[in-house]
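Note sheet for the following structure.
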Amino acid sequence: MLFARILRRPRNPEFPLSHLSTSLAATPSLSVESENRTFDLDLVVSQVPVRKGCEEISQALIENESLRDVEVSHDAVDRLLTKFRDDWKSALGIFRWAELMGRRFEHSEEAYDMIVDILGRTRQWDRMRMILDEMRSKERVRVSTVGKVMRRLSGAGRWEDAVSIFDELQDFGLEKNAEMMNLLLDTLCKEGWVEQARSVVLELKPHIPPDEHTFNILINGWCKIDRIDEAKWTIEEMKGYGFRPSVISFSTIIRFYCRHGRFQKVVDLLDEMEKTGCPPNIVTYTTVMHALAKADEYEDALALVERVKASRCEPDALFFNSWIYVLGRAGRVEDAVRVFELEMPNSGVLPNLSTYNTMTSMYCHHGEVLKASALLEHMEISGGCKPVVQTYYPLLKACFKMGKTDVLLSELLDEMVNKHHLSLDLSTYSLLIHGLCRANKCDRAFVLFEEMIGKDIIPRYQTCCLLLDELKQKCLFYAADQVEDVMKRL
DNA sequence: TTAGGGTTAG
């Protein structure tokens with residue numbers, strides 16, 4: 001019964017390929033390859049029409065003279081899809097356009113996975129299904145594809161659909177094995193469907209015996225929804241199957257107690273781990289250290305650093321990031337910089353994007369915006385990582401805090417969009433609209449509001465309320481009506 | 001294929 005349900009198929013796919021091939025035939029010059037074809041991301045991005053359907057977008061791109069000599073490569077598609085990850089219409093339009101532009105162009109595995117994920121996260125289920133069916137017919141469905149589909153379905157509450165994807169695995173040319181079962185369970189549990197995951201385990205037990213991962217996934221699921229008794233009971237069940245609880249099982253339970261601030265329990269468990277020959281590792285320590293910092297217990301958190309040094313654990317980037325975070329929160333900026341500049345390199349651990357995000361946020365938090373900007377330059381040149389929208393949140397927030405809502409804000413936005421090709425996401429729009437409203441610039445906030453609506457990014461209700469109030473106060477009634485219209489649809 | 005971090009809004 002559980003596995004008999006079928007994911008809805010599109011009754012009338014809105015994007016038939018035949019239609020596009022007709023338009024390709026109508027523009028024969030497209031099939032002629034020029035010798036000097038290059039790829040200019042800015043050019044393509046600038047030619048993507050706004051507020052159009054995906055079909056219109058791909059059509060407009062195909063007919064665009066200035067894009068005739070554009071070289072479409074896998075890397076180009078990757079960058080474009082990343083850029084439009086919050087804007088499914090543009091993403092799908094570009095995806096279709098690329099198929100028609102490149103001669104005998106076949107999308108890469110990554111591009112397929114990306115478009116599936118974009119359609120899933122924006123809840124375009126029929127279109128996601130359509131791509132999945134295309135992939136199936138070309139035998140290009142991978143484990144990662146299925147994982148993305150299941151995750152998006154579970155995340156949207158469609159756990160039954162996620163389960164029926166598992167039922168379809170053979171149609172996709174994939175095997176129903178423990179790995180795939182665990183993938184399904186993990187997506188279910190991470191979205192809180194733990195009881196459903198347990199039913200799946202029981203139902204599949206005769207065909208696919210649970211392994212150590214299966215139990216750890218369930219333990220994590222129970223902890224996530226605060227059902228610690230079931231988590232402990234799962235540990236007993238695990239033993240019954242002949243598996244010893246691992247450092248992962250213990251660390252998961254420890255994380256639960258950390259989240260609830262029950263640090264005496266944490267200490268007891270750390271001792272138990274040592275005694276039972278399953279000593280904590282760097283992940284366990286990082287979890288506890290971070291939780292202590294969040295509970296403002298900085299001295300205890302830093303004492304753990306000493307414990308790590310005395311142990312055999314190899315510190316990694318996540319550990320250093322947490323250490324820097326602890327020091328930042330404790331107001332010890334100089335010490336944090338010392339860890340970043342000396343301790344990390346001395347241990348041979350390279351900073352990653354999160355290290356830079358943590359440092360940036362710490363600087364901004366302490367009013368050192370210039371140092372934060374300088375670090376952004378540094379991260380590209382010597383760190384080899386590119387900033388993401390999240391990197392800019394603290395910087396943008398600092399702009400509003402300092403009242404620099406003209407030049408500095410514009411420069412930052414320009415850097416984000418034009419230099420790094422980042423797309424503003426829901427959080428950025430919310431931050432900007434809230435900030436501009438508070439800075440008495442609701443006219444500019446409204447422009448951004450319209451822009452996000454055009455990209456199908458749904459504003460938060462509170463954002464609408466705030467903007468509406470401000471617009472009414474300034475007697476901008478036309479704009480206020482527009483906001484009210486959007487609110488009615490929320 | 002299972003466990004850890006940061007960045008937004010309220």
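Hydrogens, waters and symmetry mates play no part in the numbers below; they use all other heavy atoms, side chains included.
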Nearest-Å distance, [atom1] ([X]) to [atom2] ([N])?
X: A:Phe256; N: B:dT2; atom1: CZ; atom2: C1'; value: 19 Å
X: A:Arg142; N: B:dT1; atom1: CZ; atom2: P; value: 11 Å
X: A:Leu412; N: B:dT8; atom1: CG; atom2: P; value: 14 Å
X: A:His420; N: B:dT7; atom1: NE2; atom2: P; value: 20 Å
X: A:Leu183; N: B:dT1; atom1: CG; atom2: P; value: 8 Å
X: A:Tyr461; N: B:dG10; atom1: OH; atom2: P; value: 15 Å
X: A:Phe320; N: B:dG4; atom1: CZ; atom2: C1'; value: 15 Å
X: A:Asn281; N: B:dT2; atom1: CG; atom2: P; value: 15 Å

Touch class at under 4.0 angstrom, heavy-atom based, for [X] against every strand present:
X: A:Lys294; value: sugar-phosphate
X: A:Thr355; value: base
X: A:Ser354; value: base
X: A:Leu318; value: base
X: A:Leu396; value: nothing

Answer yes or no: does a side-chain N or O of [X] lie under 4.0 Å from OP1 or OP2 of [N]?
X: A:Arg460; N: B:dA9; value: no
X: A:His434; N: B:dG10; value: yes
X: A:Arg151; N: B:dT1; value: no
X: A:Asn220; N: B:dA3; value: yes
X: A:Lys190; N: B:dA3; value: yes
X: A:Ser361; N: B:dT7; value: yes

Which of these nucleotides, [options], is closest to any side-chain atom of [X]?
X: A:Phe319; options: B:dA3, B:dG10, B:dG4; result: B:dG4
X: A:Asn216; options: B:dT8, B:dT2, B:dG4; result: B:dT2
X: A:His213; options: B:dT2, B:dT7, B:dA3; result: B:dT2
X: A:Ile217; options: B:dT2, B:dA3, B:dG10; result: B:dT2
X: A:Lys397; options: B:dG4, B:dA9, B:dT7; result: B:dA9
X: A:Glu179; options: B:dG4, B:dT1, B:dA9; result: B:dT1
X: A:Thr284; options: B:dT8, B:dA3, B:dG4; result: B:dA3

Query raised in the report: Between A:Asp171 and A:Arg136, does at least one N-O distance fall below 4.0 Å, as a salt bridge requires?
Result: yes

Query raised in the report: Can a salt bridge be assigned to the pair A:Arg444 and A:Asp406 using a cut-off of 4.0 Å between side-chain N and carboxylate O?
Result: yes

Requested in this report: Keeping the roles fixed (side chain from A:Ser154, backbone from A:Arg151), state whether a donor-acceptor pair exists under 3.5 Å.
Outcome: no

**Report entry** Taking every non-hydrogen atom, the tightest pair across A:Ala330 and A:Tyr298
**Finding:** CB-CG, 3.7 Å

Report task. Please indicate whether A:Lys441 has more than 12 foreign heavy atoms, meaning atoms of other residues, nucleotides or ligands, lying under 6.0 Å from its NZ. Result -> yes

Report task. Applying salt bridge (Lys or Arg N to Asp or Glu O under 4.0 Å), run through A:Asp456 and A:Lys89 and close with a yes or a no. Result -> CA-CA 8 Å; A:Asp456 254 9; A:Lys89 288 178 191 165; 3.5 Å; yes

Query raised in the report: Counting only distance, no hydrogens or angles, is the base of B:dG4 paired donor-acceptor with the side chain of A:Thr286 under 3.5 Å?
Result: yes

